[in-house]
Protein chains: 2
Amino acid sequence: MYYYNIEGNPTDYRPTSHTTPTRYRDRARYDRDTVHRILDEALICHLGYLGDGRPVVLPTTHARLGETLYVHGSTGSGPMLAAKPAGLPVCVTTTLVDGLVLARSAMHHSLNYRSVVVMGTARLVDDPAEKRRAFDALLDHVRPGRAADCRPPNARELAATAVFALDLVEVSAKVRDGGVADDPEDTALPHWAGVVPLRLAAEPPVPAPDLDPATPLPSYLT
Amino acid sequence: MYYYNIEGNPTDYRPTSHTTPTRYRDRARYDRDTVHRILDEALICHLGYLGDGRPVVLPTTHARLGETLYVHGSTGSGPMLAAKPAGLPVCVTTTLVDGLVLARSAMHHSLNYRSVVVMGTARLVDDPAEKRRAFDALLDHVRPGRAADCRPPNARELAATAVFALDLVEVSAKVRDGGVADDPEDTALPHWAGVVPLRLAAEPPVPAPDLDPATPLPSYLT
């Protein structure tokens with residue numbers, strides 16, 4: 001790993017050879033605000049690690065507390081076991097899809113998206129207090145306020161759940177937004193061109209069949 | 001890699017040690033119909049590979065033609081270069097998030113989701129005819145019919161775009177659906193419990209500013 005000698009905001013993440021895209025470098029972002037917003041908005045991430053020397057990518061959930069990313073380890077015991085005791089080399093990537101970009105030319109079709117890639121060595125969280133904070137963060141990540149509005153995990157449940165911590169050091173975001181970028185000679189072609197915005201929409205909450213009908217819908221769900 | 005000796009539909013994908021989850025095995029699916037539907041619905045996938053011996057996970061787009069998954073290689077030249085000539089060991093994972101599952105207990109919070117994991121050795125598509133078919137499939141994956149309604153790629157554009165092909169052999173799906181699964185002793189707790197359905201919603205298409213206003217909106221966008 002080496003650092004590029006670039007002029008940047010001193011509070012930005014420092015690009016490395018692994019977090020500098022080889023194409024579309026103008027889409028790369030290293031400022032903490034952009035990175036944090038994407039991590040905080042994305043409901044899930046994809047955790048990459050080596051299993052028997054092969055790349056494995058599993059979906060899971062995450063939450064950020066300051067400059068630490070917590071990753072839920074319920075996707076399997078494989079990465080959990082591999083993580084002891086030296087930590088687990090991982091790549092955690094999360095992507096928000098914001099729109100379809102339909103150009104006149106096949107070549108310039110694209111998606112609008114915002115993604116974050118975090119590389120590093122994840123450690124299993126052992127300390128019960130940190131694990132409890134991470135658990136709360138994972139719940140509040142889904143809907144802020146939920147951690148205080150459910151039965152907290154007991155000692156057995158905490159022990160049964162693996163949580164990884166990954167420091168936000170080798171981090172980059174990539175953002176593609178805006179409109180169609182057709183070549184000038186294509187703009188007169190008769191094909192429709194434009195953007196179809198996409199968003200993850202929440203439908204009305206469906207109460208559990210055995211929920212007491214007197215239970216009010218919490219404010220964080222309205 | 002070894003195969004589990006299970007009784008399954010002979011047309012199902014055969015589970016291997018890498019595609020058998022270590023937890024929640026009841027959520028695993030190996031039937032082609034489930035796998036195909038998820039791959040066909042998901043707009044993006046996450047491509048995992050080894051870069052300098054480390055796991056790297058990048059978002060990209062994909063399309064399925066029969067039992068071949070084509071993966072767009074515009075995310076960087078790293079995986080493209082690494083793929084020659086023996087192919088690139090990869091894990092391609094795609095995940096659809098269908099809902100938030102809010103239980104009374106912190107422990108039983110979950111997401112409803114459908115995911116597919118494909119492992120294997122990807123090959124770079126060299127044959128121009130196959131590459132053109134893959135290109136069309138990537139466009140029609142976004143909106144069926146689009147490939148025939150835009151300017152096709154010319155030879156230079158085809159050469160500038162890398163496409164991977166990955167046979168659907170070592171494949172599994174995972175599906176979590178349904179409702180809340182609280183422990184019986186928790187069901188009387190006063191917390192709201194239920195599911196918040198989620199879906200990727202398309203908003204009205206936004207024409208490019210320089211689009212001829214007489215251009216009709218194609219049927220695949222209405």
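Numbers restart at 1 for each chain; the letters A, B, ... are given by sequence-line order, proteins then strands.
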Measure [X] against the heavy atoms of chain B and call it side chain, backbone, both or neither at under 4.5 Å.
X: A/Asp149; value: both
X: A/Val117; value: side chain
X: A/Leu111; value: side chain
X: A/Pro153; value: both
X: A/Pro209; value: neither
X: A/Leu221; value: side chain
X: A/Asp98; value: neither
X: A/Ser105; value: both
X: A/Leu211; value: both
X: A/Leu189; value: side chain

Search all heavy atoms of [X] against all heavy atoms of [Y] and return the closest pair with its distance.
X: A/Cys150; Y: B/Ala103; value: CB-O, 4.2 Å
X: A/Ala160; Y: B/Met107; value: CB-CE, 4.3 Å
X: A/Thr95; Y: B/Pro59; value: OG1-CB, 3.2 Å

Counting heavy-atom pairs closer than 4.5 Å to chain B, which one of [options] comes out on top?
options: A/Gly179, A/Cys91, A/Pro190; answer: A/Cys91
options: A/Leu100, A/Leu138, A/Val101, A/Asp52; answer: A/Leu100
options: A/Pro197, A/Gly48, A/Gly194, A/Ala208; answer: A/Pro197

Looking at chain A, which one of B/Asp210, B/Val180, B/Asp136 has the largest number of heavy-atom pairs inside 4.5 Å, strictly under? B/Asp210
Within-4.5 Å side-chain heavy-atom neighbours: [X] and [Y]:
X: B/Thr215; Y: A/His191; result: no
X: B/Glu203; Y: A/Val196; result: no
X: A/Leu58; Y: B/His46; result: no

Rounded to the nearest 0.5 Å, what separates atom CH2 in B/Trp192 from atom CG in A/Asp212? 13.5 Å
Less than 3.5 Å apart, any donor N or O on the side chain of B/Arg146 or A/His109 sitting next to an acceptor on the other? yes
Can A/Tyr49 and B/Val57 be said to form a side-chain contact (heavy atoms from CB on, under 4.5 Å), step by step? CA-CA 9 Å; A/Tyr49 65 98; B/Val57 180; over 6 Å; no
Measure distances from [X] to the heavy atoms of chain A and classify the residue's part below 4.5 Å as side chain, backbone, both or neither.
X: B/Leu200; result: both
X: B/Pro216; result: backbone
X: B/Asn154; result: neither

Would you please test A/Leu198 and B/Leu43 for side-chain contact (heavy atoms from CB on, under 4.5 Å) and show each step? CA-CA 11 Å; A/Leu198 300 173; B/Leu43 269 177; 3.4 Å; yes
So, A/Arg151 and B/Glu185, do they make that salt bridge, N to O below 4.0 Å? no
